[in-house]
Amino acid sequence: MSDERTSPSSEELLSPEMAHVLFADIVGYSRLASDEQPRLLVQLRQALRGSAEFNRGRENNSLICISTGDGMALVFLGNDVGAPLRAALEIVAALRVSASFGLRIGLHSGTVFRVPDINGRENVAGAGINFAQRVMDCGDAGHILMSQVHASFLREFESLRPHLHDLGEVEVKHGMKLGLVNYCDGTAGNRAIPQKLDGTSADKAPKARPAPLSCAGKRVAILYKRSAEPDVALLQLLETELTQRGCEVFIDRHLRVGLNWAREIERTLRQADAVIPLLSTASVASEMLTYEIEIADEAAQ
């Protein structure tokens with residue numbers, strides 16, 4: 001993702017720079033089949049390369065891109081604090097059209113040091129990027145979380161204030177307390193409280209309650225008829241609840257009908273641990289939904 005550049009001198013290595021960092025990874029990546037992982041990474045990188053903010057940063061030499069194995073880090077150097085959020089929104093919008101995986105994103109502003117990686121390519125180290133990763137680690141699929149530091153800059157923009165929701169503090173690695181803010185504008189972001197913060201905020205005493213049932217690692221496919229109600233409303237509720245409990249949820253939102261669609265649907269349903277069809281007066285006559293249910297039934301047999 002990053003081009004090879006001239007390595008900085010030893011003096012430059014000691015010079016801290018202000019950076020605004022976007023850290024992202026694919027949720028559930030380690031549980032994917034080994035031949036599935038590279039396919040999803042290609043989707044993520046295609047979405048990244050289509051981002052205007054990414055290309056602008058590359059053109060003016062203010063962006064350092066780092067591959068993290070299951071995701072990426074974008075380090076925007078300079079004074080444009082809004083660049084990571086704009087890039088995040090562009091990436092999320094692109095993935096909404098074509099991707100079949102969940103992405104979580106963390107944003108932070110802090111100091112970094114330019115260092116060459118083992119191949120001599122430009123890289124960064126320091127608290128700025130470490131904090132961004134810890135912010136991201138607190139999120140679930142769909143979350144765009146940010147540190148209070150980063151949010152304090154964005155609150156200067158009136159248009160963004162309604163979409164910034166305080167989550168309080170959470171204890172992260174080495175006992176450090178981290179204040180978090182959740183970005184959700186109704187289209188991008190996940191409005192739900194992250195699992196790591198649900199009932200465990202440092203400013204609130206945890207309440208004794210039974211742990212929610214977990215389906216971590218289970219693959220669940222939800223079948224529905226597009227634009228049918230109340231199916232779509234129920235779909236959104238199920239997707240949120242199942243994702244919060246660790247499920248990998250498949251919903252046929254973006255696949256185009258055709259031979260590839262049929263193959264992808266059949267492959268997904270045969271690999272699923274559970275299939276949930278949503279049936280209502282508006283959807284029972286759908287031939288496409290009937291076909292999907294027949295495949296699921298054959299797989300169950």
Side-chain angles (χ1 to χ4, degrees), residues 22-29 31 70-71 84-85 88-89 91-93 95-96 99-108 132-148 150-151 154-155 160-172 177-222 224 229-251 253-254 273-274 276 278:
L22 180 158
F23 217 110
D25 73 8
I26 297 171
V27 177
Y29 182 84
R31 298 191 296 270
D70 58 355
L85 179 58
L89 298 180
I91 293 167
V92 168
L95 292 176
R96 194 180 300 121
S100 57
F101 60 86
L103 190 73
R104 57 180 182 172
I105 296 173
L107 310 177
H108 177 65
Q133 182 174 13
R134 289 171 186 170
V135 170
M136 179 204 69
D137 286 341
C138 293
D140 307 319
H143 274 126
I144 302 176
L145 302 182
M146 62 186 71
S147 66
Q148 284 284 3
H150 190 75
L154 296 185
R155 285 195 176 98
L160 296 179
R161 290 175 193 166
H163 310 313
L164 303 177
H165 309 283
D166 284 312
L167 296 176
E169 289 188 331
V170 63
E171 186 172 308
V172 294
K177 300 292 179 61
L178 185 63
L180 293 177
V181 174
N182 187 19
Y183 177 90
C184 184
D185 61 13
T187 301
N190 181 350
R191 192 177 297 278
I193 302 297
Q195 292 183 52
K196 289 188 178 180
L197 278 77
D198 189 13
T200 61
S201 295
D203 56 343
K204 297 181 181 179
K207 300 178 181 179
R209 62 179 181 177
L213 295 176
S214 173
C215 59
K218 298 296 184 182
R219 297 183 176 184
V220 180
I222 303 178
Y224 77 114
E229 292 292 354
D231 307 53
V232 174
L234 179 57
L235 172 76
Q236 295 172 345
L237 177 62
L238 284 171
E239 182 181 18
T240 298
E241 292 296 325
L242 290 170
T243 300
Q244 288 180 356
R245 284 160 175 74
C247 294
E248 296 179 31
V249 181
F250 171 83
I251 298 172
R253 283 196 178 104
H254 313 302
D273 297 293
I276 304 175
L278 303 185

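Contact check for Leu238 versus Leu278: side-chain heavy atoms found under the 4.5 Å cut-off.
Among residues two or more places apart in sequence or in another chain, the side chain to side chain donor-acceptor pair (under 3.5 Å) test is passed with Asn182 by none. For His108, the ring-ring contact (aromatic ring centres under 6.0 Å, His included) partners two or more places apart in sequence, or in a different chain, are Phe131. The salt bridge (Lys or Arg N to Asp or Glu O under 4.0 Å) search around Asp25 returns Arg104, not counting sequence neighbours. Under the rule for a salt bridge (Lys or Arg N to Asp or Glu O under 4.0 Å), Arg161 has no partner lying at least two apart in sequence or in another chain. Residues passing the side chain to side chain contact (heavy atoms under 4.5 Å, CB included) test with Ala221 are Phe250, Leu269, Ala272, Val275, sequence neighbours excluded. Listed by chain and residue number, Lys218, Arg219 satisfy the side chain to side chain contact (heavy atoms under 4.5 Å, CB included) test with Asp273 (two or more places apart in sequence, or in another chain). For His150, the side chain to side chain donor-acceptor pair (under 3.5 Å) criterion is met by Ser109, not counting sequence neighbours. Listed by chain and residue number, nothing satisfies the ring-ring contact (aromatic ring centres under 6.0 Å, His included) test with Phe23 (two or more places apart in sequence, or in another chain).
Summarising the geometry, atom NE2 belonging to His143 is positioned 7.0 Å from atom CG belonging to Leu167; distances are rounded to the nearest 0.5 Å. One finds the NZ atom of Lys196 at 12.0 Å from the CD atom of Glu171 (value rounded to the nearest 0.5 Å). Note that CE of Met146 is 10.0 Å distant from CD of Gln148, once rounded to the nearest 0.5 Å.
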Side chains of residues 133-141: which donor-acceptor partners sit under 3.5 Å, not counting sequence neighbours?
unit_1: Asp140; atom_1: OD2; unit_2: Gln195; atom_2: N; d: 3.0

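Considering every non-hydrogen atom in both Leu107 and Ile105, the closest pair reads CD2-CG2, 3.8 Å. A pairwise comparison of heavy atoms in Ile26 and Leu103 identifies N-CD1, 4.1 Å as the closest pair. Nearest approach of Ala188 to Ile144, heavy atoms of both residues: CB-CD1, 4.3 Å. Listed here is the closest heavy atom pair of Leu164 and Ala151: CD1-O, 4.3 Å.
With hydrogens and angles ignored, the 3.5 Å screen pairs a side-chain donor or acceptor of Arg96 with a backbone N or O of Thr187.
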